[in-house]
Each structure stands twice: as structure tokens, then as C-alpha cells.
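Please read the structure below before turning to the comments.
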Amino acid sequence: MLAWSKSIGRCTVSFISVLLTQLALFLVPLFFSASPILIQLTLSALVLVVVLGFGGWCKRLLGFNASAPAFVFCSIFFIWGVHIAIVRQAISPVMDVLFNVEMIMLIIGLFRIMLKDPGFVVSESFSLGKLNDNSVLGVQTHNESSLLQMRARYCKSCQTYVQGFDHHCPAFGNCIGQKNYVLFMVLLVGFITAEISYIVCSSLFTSKFRVLEETRVESGSILVMARSTLLFCVLQVLWQGPFLIWHVYCICFNIRTEEWVNWKNYPEFQLNASSLSGENYQETSFKNPHNKGILQNVKEFLTLK
């Protein structure tokens, strides 16, 4: 019962955080509607930074703790609600159906990746007392050869080894490892696709109903809501796009994010160059022992089990 109470409390805080975030973004097109889109995007980004900073301050001062997955779910339902209540009246039925299908698939994908085993390694022979606490991403390493063969790393958040560990994703509340990496990439592409679809739909709405802004106050508020959610989705695409490109790079060269950041902690990624004459040191450079060529790497990713 105590765990359920904490979960409900965290979800409630996340719901309030989403409302406050969207309300803050609502102010940008409300007061700067005549400004260029780049100015509005910059202001929206600043507003998000201020809101996140305020949320962190409240967490430290008052002890409020939100749930990142709940925040993601609430944001999805908020955007979906704006689409159903406002935006859909200005688009074709086909676009409306496609967007609704995308949102349903996103929600299903979120539930799956939250519940799916990322590749947890369970073995009594792995002693946590021998771990080295030296990872930037909150991951500990182990020198067991069996762990190295599985590219398993210890995640502090999940408190277990994860095979093919890439990173711990707070937004999904789960590690990203060998068993859910493909699902993670599909979900990331799904997020970007759904956000671009909403950007297109809301742009059609704002262009079609722009004239109503000058005639009715209610219509002006509706247009501002459509624009603020459009700005929110554009900002999401701007950071998720490079994030997707990075993971495509990792797939093509068969490297994990955690391995790339902490390669100096793993001997298999180190190449010791010969020292110059008269000098007593060796220069350590990066090598990727798992790189088998782009085609083979992509094939290996697509057949992950």
C-alpha cells in the first residue's frame, strides 16, 4: 500500500508538472505571436529550462518527486487531447486517423519497453563487492570474462547487470540493453514521426483559422494553444533527431553509449601504442573490438535476441 501511495503521488506530481509546463509554453505565443518562429522557439526553450529548474528546486526544497515515465505519458495524452479537441477539425480524416494510430502505437510501445526485460543477467557467482565505481553514466564494471563476453555492465539504477547495456533511460523507467534495443529505436522513430505529424496538423490548423484570431477571443485562445503545443513538439524533435542519429551511428559501428563514454575503463577497448625511445610511458588509444563492418553490424543489431 505504501508503494502504491508513493506511485500515485509521483504520478500526480508529474501530471501537475505537465500542466505547468504547457501553461508556461502557452504564454510564449500569447504575448509574442507576431515574433518570428525562431524567436518563439528560443523563448520556449528558455521557458522549459526555467520550468525544469523550478521543478528541481521544488524537489530539493519540498521533497516532491515526479515520475519521468508518468510525465511522458501525461505529455502524450495532453498533445493527443489538444489534437482531438482543437486541431483535428482542420485536417483531413485520413490524417486524423493516421495520427490517432501513431499515438496508440506510442502508448503500446511505452508499456512494452517499460515492462520488457532489457537483458538482465542473473547469477549468484557475480559478487557486487568486487565492482569498480568509476562510470560516468552511473554504471559499475566487472572484470569477469563471462560478463565481458556478454558486454554486460552493472546499472546502479536497476541494481543489476544488463547484457548489451547502452544506458538507463529515466523517461522509460528501464535500462536499454540487448533485448530491448530494437524496440527502443522503433519507439524513438515513432516519437519523432508522431511529433512531426502533429507539427504538420497544427500548422494546417493555425493557417486555416488565423482569421478567427481577430474576430473572437475564444478562437484566439484556441490558436494560441495549437501554437504552443506545436512549439513543444518542434523542441522535442530538435533534441530527439540528433539523439536518433547518434544511436544509428552506434548501431553502424557496433558500440554502446556507455562503452563510448567510459572506454578507458574497459581493457578490451584500449590500444596501447609503443612509447618513444627514452620515454617510459605508453599512449592509450581507442579501439572497437566489436566492429565487424557496417553491414554486419546492422545485421547483428536486427537479429538481437
Note to self: Can you confirm whether W80 sits close enough to I107 that some side-chain heavy atom of one is under 4.5 Å from a side-chain heavy atom of the other?
What the structure shows: yes

Check: So do M114 and N174 actually touch side chain to side chain, heavy atoms under 4.5 Å?
Finding: no

Notebook entry, point to check: So, does Q296 use its side chain to make a donor-acceptor pair with the main chain of G293 at under 3.5 Å?
Noted result: no

Note to self: Between F172 and H167, does the ring-ring contact (aromatic ring centres under 6.0 Å, His included) criterion hold? Intermediate values first, please.
What the structure shows: CA-CA 11 Å; F172 297 155; H167 68 284; 8.5 Å; no

Note to self: Assigning hydrophobic clusters by single linkage (Ile, Leu, Val, Met, Phe, Trp, Tyr; side-chain heavy-atom cutoff under 4.5 Å), is V97 placed with F205?
What the structure shows: no

Margin query: When you measure from the side chain of T257 to the backbone of D166, do you find a donor-acceptor pair of N or O atoms at a distance under 3.5 Å?
Written below: no

Notebook entry, point to check: Considering all heavy atoms of both residues, which atom of L235 and which atom of A45 are nearest to each other, and what is their separation?
Noted result: CD1-N, 3.8 Å

Checklist line | Shortest non-hydrogen contact between A68 and P170, atoms and distance | finding: CB-O, 3.2 Å

Checklist line | Rounded distance [0.5 Å steps], SG in C155 versus NE2 in H168 | finding: 5.5 Å

Next item on the list: Would you sort out whether K179 and V162 count as a side-chain contact (heavy atoms from CB on, under 4.5 Å), showing the intermediate values?
Entry: CA-CA 9 Å; K179 291 186 179 181; V162 181; over 6 Å; no

Checklist line | Reported SG-to-CG distance for the pair C252 and L295, which is rounded to 0.5 angstrom | finding: 9.0 Å

Next item on the list: Evaluate the ring-ring contact (aromatic ring centres under 6.0 Å, His included) criterion for residues F286 and W260: first the C-alpha distance (whole Å), next the side-chain angles of each, then the deciding distance (0.1 Å), finally the verdict.
Entry: CA-CA 9 Å; F286 173 82; W260 178 268; 5.3 Å; yes

Check: How far apart are the C-alpha atoms of I192 and Q236, what are their side-chain angles, what is the distance that settles it, and do they pass the side-chain contact (heavy atoms from CB on, under 4.5 Å) test?
Finding: CA-CA 8 Å; I192 296 176; Q236 297 302 308; over 6 Å; no

Check: In terms of hydrophobic clusters joined by side-chain contacts under 4.5 Å, are M105 and L187 together?
Finding: no

Next item on the list: Hey, can you tell me if F243 and H247 have their rings parallel, tilted or perpendicular (30° and 60° cut-offs)?
Entry: perpendicular

Check: Quick one: CD1 on I251 to CZ on R256, what's the gap to the nearest 0.5 Å?
Finding: 8.5 Å

Note to self: Does K292, at its NZ atom, have more than 12 non-hydrogen atoms belonging to other residues, nucleotides or ligands within less than 6.0 Å?
What the structure shows: yes

Check: What about L19 and V224, same hydrophobic cluster or not, with Ile/Leu/Val/Met/Phe/Trp/Tyr joined at side-chain heavy-atom distances under 4.5 Å?
Finding: yes

Next item on the list: Tell me, with the steps shown, if F73 and V18 meet side-chain contact (heavy atoms from CB on, under 4.5 Å).
Entry: CA-CA 10 Å; F73 272 108; V18 170; over 6 Å; no

Note to self: Tell me the closest heavy-atom pair linking V47 and L25, and the distance in Å.
What the structure shows: CG1-N, 4.1 Å

Checklist line | Under 3.5 Å side-chain donor-acceptor pair for N254 and R151 | finding: yes

Checklist line | ring-ring contact (aromatic ring centres under 6.0 Å, His included) contacts in which one or both residues fall within residues 13-33, not counting sequence neighbours | finding: none

Check: Do V121 and Y154 come within less than 4.5 Å of each other through their side chains, counting heavy atoms only?
Finding: no

Notebook entry, point to check: Are L98 and I84 grouped together when hydrophobic residues (ILVMFWY) are joined by side-chain heavy atoms under 4.5 angstrom apart?
Noted result: no

Note to self: Check for me, please, whether W239 and I245 land in the same ILVMFWY cluster - side-chain distances under 4.5 Å, paths through other members count.
What the structure shows: no

Checklist line | Polar side-chain atom of Q270 near backbone of K264 as donor-acceptor pair, under 3.5 Å | finding: yes

Note to self: Quick check: do R227 and L30 have side-chain heavy atoms less than 4.5 Å from each other?
What the structure shows: no

Next item on the list: Would you name the heavy atoms of K156 and Q159 that are closest together and state the gap between them?
Entry: O-CG, 3.2 Å

Check: Between I199 and V237, is a side-chain contact (heavy atoms from CB on, under 4.5 Å) present by the stated rule, with each step listed?
Finding: CA-CA 10 Å; I199 292 170; V237 172; 4.2 Å; yes

Item checked: Side-chain heavy-atom pair Q22, F232 within 4.5 angstrom cut-off -> yes

Checklist line | Candidate pair W263 and Y266, rule ring-ring contact (aromatic ring centres under 6.0 Å, His included), full reasoning | finding: CA-CA 5 Å; W263 65 270; Y266 307 126; 9.9 Å; no

Notebook entry, point to check: Below 4.5 Å, heavy atoms only, C-beta onward: do V72 and F191 meet side chain to side chain?
Noted result: yes

Checklist line | Check: F78 ring centre within less than 6.0 Å of F71 ring centre | finding: no

Checklist line | L48 side chain reached by S44 side chain, heavy atoms, under 4.5 Å | finding: no

Item checked: Validation row: N262, R153 side chains within 4.5 angstrom (heavy atoms) -> no

Checklist line | Donor-acceptor pair, side chain of Q40 and main chain of V28, under 3.5 angstrom | finding: no

Notebook entry, point to check: Any donor-acceptor pair under 3.5 Å linking the side chain of T303 with the backbone of E300?
Noted result: yes

Check: Which heavy atom of L106 sits nearest a heavy atom of G190, and at what distance?
Finding: CD2-C, 3.7 Å

Next item on the list: Any pair with a residue in residues 186-200 that passes side chain to side chain donor-acceptor pair (under 3.5 Å), sequence neighbours left out, goes on the list, sorted by first then second residue, please.
Entry: E102-S197, E195-Q240, Y198-T229

Check: Roughly how far apart are L115 CG and L110 CG, rounded to 0.5 Å?
Finding: 10.5 Å

Note to self: Let me confirm one number: the CD1-OG distance from I91 to S203, rounded to the nearest 0.5 Å.
What the structure shows: 11.5 Å

Item checked: Shortest non-hydrogen separation from S202 to V87 and the atoms involved -> N-CG1, 3.7 Å

Notebook entry, point to check: What distance do L183 atom CG and I176 atom CD1 have between them, rounded to the nearest 0.5 Å?
Noted result: 8.0 Å

Checklist line | Flag for H83-D96: side-chain donor and acceptor within less than 3.5 Å | finding: yes

Item checked: Parallel, tilted or perpendicular: rings of F253 and Y249 (30°, 60°) -> tilted

